[in-house]
Amino acid sequence: FMCVPRAVPACMAQTGWPLGLLSLAYSSIVTYDTGRLLGTVCNLRPELSSFPELAGESFAFWRERRGDARHVCERWRKGASRTTLAVQFATY
């Protein structure tokens, strides 16, 4: 729903109003929360220079916000950074 705004009416026609509105609301909330998280990380760590670094830091911040231990956050930071780098490498 969020990718192609002009396709929203066609998607609503195919999925129906209840499921379509639920999907639209869910994707809007997830997009808003992700934007806030990325904005917070960019403000806290302006020295990050690549998307894998930003993704790793975002996942670590997310886990820290959930109350996880520091070693768990560090594992998420490294894993998310490596996974994002691999996906970036595979898609280019």
Side-chain angles (χ1 to χ4, degrees):
F1 286 117
M2 300 304 284
C3 186
V4 184
R6 288 190 216 164
V8 171
C11 291
M12 290 288 198
Q14 290 295 318
T15 60
W17 279 99
L19 184 59
L21 287 177
L22 182 68
S23 297
L24 184 63
Y26 174 76
S27 61
S28 298
I29 291 168
V30 168
T31 302
Y32 175 76
D33 190 46
T34 302
R36 286 193 52 181
L37 178 66
L38 287 173
T40 302
V41 170
C42 285
N43 286 335
L44 291 175
R45 301 284 305 271
E47 72 276 2
L48 298 175
S49 61
S50 69
F51 193 71
E53 290 175 355
L54 182 63
E57 204 60 40
S58 296
F59 273 93
F61 184 76
W62 172 62
R63 296 305 293 193
E64 189 176 301
R65 197 169 64 172
R66 291 187 57 180
D68 289 343
R70 183 158 302 281
H71 71 280
V72 174
C73 296
E74 188 61 33
R75 193 173 336 137
W76 273 87
R77 177 181 289 117
K78 288 179 184 176
S81 182
R82 289 178 184 156
T83 303
T84 306
L85 184 61
V87 169
Q88 240 182 359
F89 181 74
T91 57
Y92 287 125

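On a predicted model such as this, the values are computed, not experimentally measured, just so you know. Numbering of residues begins at 1 and proceeds along the displayed sequence.
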Classify the angle between the aromatic ring planes of Phe59 and Trp76 as parallel (below 30°), tilted (30 to 60°) or perpendicular (above 60°). parallel
Value rounded to 0.5 Å, distance of CD in Glu74 from CD in Glu64: 10.5 Å
Rounding to 0.5 Å, atoms CD1 (Ile29) and CG (Leu24) come to a distance of 10.0 Å
Please check: side-chain N/O of Ser81 versus main-chain N/O of Arg77, any donor-acceptor pairing under 3.5 Å? no
Worked verdict on Ser58 versus Leu38 for side chain to side chain contact (heavy atoms under 4.5 Å, CB included): CA-CA 6 Å; Ser58 296; Leu38 287 173; 3.2 Å; yes
Would you say [Y] ends up clustered with [X] if hydrophobic residues are merged whenever their side chains have heavy atoms under 4.5 Å apart, either directly or through other cluster members?
X	Y	answer
Trp62	Phe51	yes
Tyr32	Tyr26	no
Val72	Leu37	yes

What heavy-atom pair brings [X] and [Y] nearest, and what distance separates the two atoms?
X	Y	answer
Asn43	Pro46	O-CD, 3.9 Å
Ala80	Gly56	CB-CA, 3.9 Å
Thr84	Ala55	OG1-CB, 3.4 Å

Under 4.5 Å between any side-chain heavy atoms of Cys42 and Leu48, yes or no? no
Close side-chain approach of Leu21 and Met12, heavy atoms under 4.5 Å: yes
Heavy atoms from other residues, nucleotides or ligands near CZ of Arg65 exceed 12 (cutoff 6.0 Å): yes
